[in-house]
Amino acid sequence: MSTYKNFLDKKGESRWQKVWEKTKAFAAADKSAKPKYYCLIEFPYPSGEGLHVGHPRSNTALDILARKRRMEGYNVLYPIGFDAFGLPSENYAIKTGIHPAITTEKNIKTFTTQLKALGFSFDWDRVITTTDPKYYKWTQWIFLKMYEHGLAYKAKIPINWCLSCKIGLANEEVVSGKCERCGGEVEKREKEQWMLKITNYADRLIEDLETVDYLDRIKQQQINWIGRSEGAEIDFVVVTSNKRQVTSLKVFTTRPDTLFGATFMVISPEHELLRNPAFANASAGRQKSEIRNQEEVEDYIRQAKSKSDLERTELNKEKTGVELKGLKAVNPATQKEIPIFVADYVLTSYGTGAIMAVPAHDQRDWDFAQKYGLPVVEVIAGGNIKEKAYEEIAEGKLVNSGQFNDLPVKAAIAEITLWLVKQGLGKKAVNYKLRDWVFSRQRYWGEPIPMVYCENCKKTGAVKDPLTGEASGWVRVPEKNLPVKLPDVKKYEPTDNGESPLSVITDWVNTKCPVCGGSARRETDTMPNWAGSNWYFLRYVDPKNDKALAAEKKLAHFIPVDWYNGGMEHTTLHLLYSRFVYKFLYDIGAVPKSCGSEPYKKRTSHGLILGEGGEKMSKSKGNVVNPDEVVKKFGADTFRVYEMFMGPFDQAIPWDTKGVVGVRRFLDRVYMVVSKIADDLKKSEIGNQRSEKSRLIHRTIKKVSEDIETQNYNTAVSALMIQFNGIDSRPDWRPRLEEMKGEYQVDLAALENFLKLLAPFAPHLVEELWEKLGNKKSIFKAAWPKADENLAKAEEFELIIQINGKFRDKVKVRSDITEQQAEIVARQSEKIKKYLDGQTVKNIVFVPGKLINFVI
RNA sequence: GGGCGAGUGGUGAAAUGGUAUACACGCUGGACUUAAAAUCCAGUGGCUGAAUAAGCCAUGUGGGUUCGAUUCCCUCCUCGCCCACCA
């Protein structure tokens, strides 16, 4: 007899993979009378380590969905590609001198082989790679469009600079404030960088979450990340010691009600006031600064700069700062002069980089005031400000606040804001934690930013910045000249001054200005690795188009994505960025309006697969499970089913090689029993019974169908096991294996339905058995079974009899039993008689189909 | 400090107001075998008990709502993830 092991040994799985590939079994049609369904998983980064066991968890889940949808009659698009720009290939190139394109190509081959060996039903004709110039042509095109619409601009932004490697580091390369490669010190250096104005879309990115079906925690995380808060922007006049007004400071506050309690101000070390040559900066040509302790201040700024992010947060208990002597701010409410400090507990990246400090009602300001002996003025009654700041907002009334005394906090916020607006001292304002997106990298292995700098055009004013309308030297590379291809370089390290390695390729950098024809220089920064993944799901619908990022008709057919599954770690970056970019493309009409303003209808997340000990898998811990070995040892189907069975899909879960065995045993049994039935059918040795007597199968159909939709894959597999093994090892639709020696009967309808339900989980095995049963067409051309609700409901059930809510007995009764009948039946039970003897029944609770409860 | 989530057998876990521990691993015993592996069969939360009699106790802790709570509400404890001097 042929066993499952024989099937695997004879390369049965790869035989089916070849059949699917040859017949293009899973190709999506560009046009179809069928309704479309777009399943999407995050395309992998083709790392040198090969596929991780985490990838198949997401891939299998949506593969199951894709296969089910096809059987339900949808035109399914389930594509795959590679997000191939990235640091590991580049670092490998720095180490070995091997071009990242070569490494990438090799890795993609490995990934492709591995993915195919798992039998995912991807449409392999639509594979895309972000490093392909035909692809990144359109990534560059999107950048040009953003620039054209005033969404891209250059700004001075600090980058992480490793002092010993002399290169700029990506945030992910800075580990606990040190350089990841050499362990050396990292400091901040300012550099001009391309920025994208994602903040323009902040409100829409929050509001439109109401129109999509994302897991709640995903929505919540995005909302928190965007961090919208409402408050007021207030101007504080800054004066010198001889009362001359030199400038003013803008602050953002969510608590304008505490304005009368503002007893000092704090600005961040990066604040522009400190660079203002008009009065603050002694080194910029002026002999005398208005700040009398200029040197002390500059020392402090230098120190703050050299502090790593870690130090800045680690030391957050002890606040430091320096007063700007010679300058004072005027509290617009009290007209009192208050001191100004520079301190690094104020962040330059939030609000205006300056705060009005209200020590009585903000703990951080309170701490600072204690340390520097600053006055603490209570303006909201109810706390004990000698002990700590009183931050409560719900109760408490204003004091020491002039005309606003006795107002409750909430009313005071509105009243004081109104007063500020009337006086011309401030306005209502909204602030976001979300920052504009730094889109430049001084790296080789990324999409070149398609811009050219022309000094001449800036002088003549021939080119204007679309955002500011001012004359600019930045000229867009014309669309017809795209893509701007990455040139070959000899060295892949960033240069000593932090520029990209592209900057030393002079014959590439020096070019002609597309506007005036004069000499100009190319932008040498490249895009971050998010750039290609922003819009890749659009390219899948039309991967070979060279006229547009995708044809309108095809976009209209497939977009939006119906179900997108990916890692929780991408919730705030990739997911938010790609929603932003999609909205932009939608706004400019690159995506038809009929697609809607959100790219993903539904977003779910899978949990991490951990090592056997429950720790994150990593090479250094030596607990990495290699998927190839699992496939080799147990087969792809076992691997797939195990990953679905191991636990709740959205939870992190440790790998357990022992657990794989259980799944393998189950599939072994399925193979053995069904192929025996198939053989005996051919020999006509069994009674073919299509009575559909089995009620269990209808319950299983219902359960498995629902569980796939709700991602309870673990209980779906368990339902399949129960269906096959039967309750008490006596399935009602087939004999046990030892009873199959002679003549026996099988409910073939139940068997076929069982195979259809198992097919998305274990496609190779089921195709084989389906063929053995005499079917000529793939099981994935068959229709997904429907549960008969009446049959799914049992004719009889076990009525639970409770006394005071405690289980005491059960008895088999008809499903349509009434309360009166149930009571009679229950009272006949010997056990129940014992409990009810001599007791008064106060109440009877009857739940149809479930139980009867006597309250005594 | 903020946000989100979790705590159930030896283990992964199931049950979302109604028999707590489905399914699977592991373990124990049995069948088959010269033997082992594999496979098959049976058992398997704890306690009392000879018992497959009967009963009690058990879903992190303490309380509440309910005829009935793993499930809903409150207190506390522990763990995980994300964010974090966000004005």
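Note that this is a predicted model, so its numbers are computed, not measured. Residue numbering restarts at 1 for every chain, and letters A, B, ... go by the order of the sequence lines.
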Name the pairing partner of B:A42, where a pair is Watson-Crick or G-U wobble with both distances under 3.5 Å, or state none. B:U28
For A:Tyr835 and B:G55, is the shortest distance between a side-chain N/O and OP1 or OP2 below 4.0 Å? yes
Please determine whether a side-chain nitrogen of the Lys or Arg among A:Arg603 and A:Glu42 lies less than 4.0 Å from a carboxylate oxygen of the Asp or Glu. yes
Could you please name the option among B:G3, B:G18, B:C67 that lies closest to any side-chain atom of A:Val855? B:C67
Kindly confirm or rule out a cation-pi arrangement of A:Arg734 over A:Phe724, judged by NZ or CZ under 6.0 Å from the six-membered ring centre and within 45° of its axis? yes
Any base atoms under 4.0 Å from A:Ile653, or only sugar-phosphate, or nothing? Heavy atoms, all strands. sugar-phosphate
What is the separation between atom CG on A:Leu434 and atom P on B:C83, rounded to the nearest whole Å? 15 Å
Whom does B:C76 pair with, Watson-Crick or G-U wobble, provided both distances fall under 3.5 Å? B:G60
Output for pair (A:Phe649 CZ, A:His606 NE2), nearest 0.5 Å, gives 6.5 Å
Report which part of the nucleic acid A:Glu798 touches: base, sugar-phosphate, or nothing (heavy-atom distance under 4.0 Å, all strands). base
Distance between P atoms of B:C76 and B:G62 (Å, rounded): 15 Å
If I pick the P atom on B:U34 and the same atom on B:G45, what distance separates them, to the nearest angstrom? 35 Å
May I ask which nucleotide in the shown strands pairs with B:A53, Watson-Crick or G-U wobble, both distances under 3.5 Å? none
In whole Å, what separates the P atom of B:U8 from that of B:U71? 13 Å
Tell me which nucleotide, if any, is Watson-Crick or G-U wobble paired with B:A69 when both distances must be under 3.5 Å. none
Please give the distance between the C1' atoms of B:G68 and B:G17 as a whole number of Å. 8 Å
Separation of A:Tyr671 atom OH from B:U39 atom P, in whole Å? 17 Å
When the C1' atoms of B:A22 and B:G12 are considered, how many whole Å apart are they? 14 Å
A:Phe341/A:Phe368 aromatic ring centres below 6.0 Å: yes
Regarding A:Pro654, tell me which of base, sugar-phosphate or nothing describes its non-hydrogen contacts under 4.0 Å with the strands shown. nothing
Report which part of the nucleic acid A:Arg808 touches: base, sugar-phosphate, or nothing (heavy-atom distance under 4.0 Å, all strands). sugar-phosphate
Once you apply a heavy-atom cut-off of 4.0 Å, does A:Lys433 come out as touching a base, just sugar-phosphate, or nothing? base
Nearest-Å distance for atom pair CG/C1', residues A:Leu610 and B:U11: 15 Å
With P as the reference atom in both, quote the distance from B:C4 to B:C41 in angstrom, rounded to an integer. 48 Å
Counting only Watson-Crick pairs (N1-N3 plus N6-O4 or O6-N4) and G-U wobbles (N1-O2, O6-N3), all under 3.5 Å, who is the partner of B:U33? none
Would you say the ring centroid of A:Trp655 lies under 6.0 angstrom from that of A:Tyr642? yes
What is the distance, to the nearest angstrom, from the CD atom on A:Glu569 to the C1' atom on B:C4? 16 Å
Proximity to the side chain of A:Lys810 - top-ranked nucleotide from B:C25, B:C4, B:U19: B:U19
So A:His574 and A:His570, would you call those rings parallel, tilted or perpendicular, with 30° and 60° as cut-offs? perpendicular
Does the distance from a Lys or Arg side-chain N to an Asp or Glu carboxylate O, for A:Arg827 and A:Glu823, drop under 4.0 Å? yes
Taking the side chain of A:Lys319 as its heavy atoms from C-beta onward, which of B:G18, B:C85, B:C4 lies nearest to it? B:C85
Spacing of A:Leu851 atom CG relative to B:A69 atom P, expressed in whole Å: 13 Å
I'd like a list of close polar pairs between nucleotides 20-24 of chain B and the protein, N/O only, cut-off under 3.5 Å.
residue	atom	partner	partner atom	Å
B:A24	OP1	A:Asn725	ND2	3.4

Under 4.0 Å between any heavy atoms, over every strand shown, what does A:Arg364 touch: base, sugar-phosphate, or nothing? Just pick one. base
Assign each of A:Arg217 and A:Asp362 the nucleotide of RNA chain B bearing its closest heavy atom; nearer the 5' end lies the nucleotide of A:Arg217
Would A:Asp367 and A:Lys371 pass as an ion pair if we require N to O under 4.0 Å? no
Between B:A36 and B:C32, how far apart are the C1' atoms? Round to whole Å, please. 13 Å
What salt bridge (Lys or Arg N to Asp or Glu O under 4.0 Å) pairs are there with at least one residue in residues 249-264 of chain A, not counting sequence neighbours? A:Asp235-A:Lys250, A:Arg255-A:Asp257
Contact class for A:Asn224 (heavy atom, under 4.0 Å): base, sugar-phosphate, or nothing? sugar-phosphate
A:Ile653 side chain near A:Gln651 side chain, heavy-atom distance below 4.5 Å: no
Sort out the partner of B:A15 for me: Watson-Crick or G-U wobble, both distances under 3.5 Å, none otherwise. none
Give the nucleotide from the list B:C67, B:C86, B:C83 with an atom nearest to the side chain of A:Trp225. B:C83
For B:G9, does the glycosidic angle fall within 90° of 0 (syn) or outside that (anti)? syn
Go ahead and name the base partner of B:G1; Watson-Crick or wobble counts if both distances stay under 3.5 Å, otherwise write none. B:C83
Within a 6.0 Å radius of atom CD on A:Glu819, are there more than 12 heavy atoms belonging to other residues, nucleotides or ligands? yes
Whole angstrom is fine here: how far is it from CZ in A:Phe368 over to P in B:C85? 16 Å
Please figure out whether A:Met568 or A:Arg255 has its closest RNA chain B nucleotide nearer the 5' end. A:Met568
Does A:Lys219 reach a base, just sugar-phosphate, or nothing at all? Heavy atoms under 4.0 Å. nothing
Taking the side chain of A:Gln221 as its heavy atoms from C-beta onward, which of B:C82, B:A54, B:G18 lies nearest to it? B:C82
If pairing requires Watson-Crick or G-U wobble contacts with both distances under 3.5 Å, which nucleotide is the partner of B:G9? none
Rounding to a whole Å, what distance do you find between A:Gln363:CD and B:A84:C1'? 16 Å
Determine the Euclidean distance between corresponding P atoms of B:C27 and B:A38; express it in Å to zero decimal places. 10 Å
So A:Phe264, base contact, sugar-phosphate only, or nothing? Heavy-atom distance under 4.0 Å. nothing
For the pair made of OH in A:Tyr345 and C1' in B:C85, what is the distance, rounded to whole Å? 9 Å
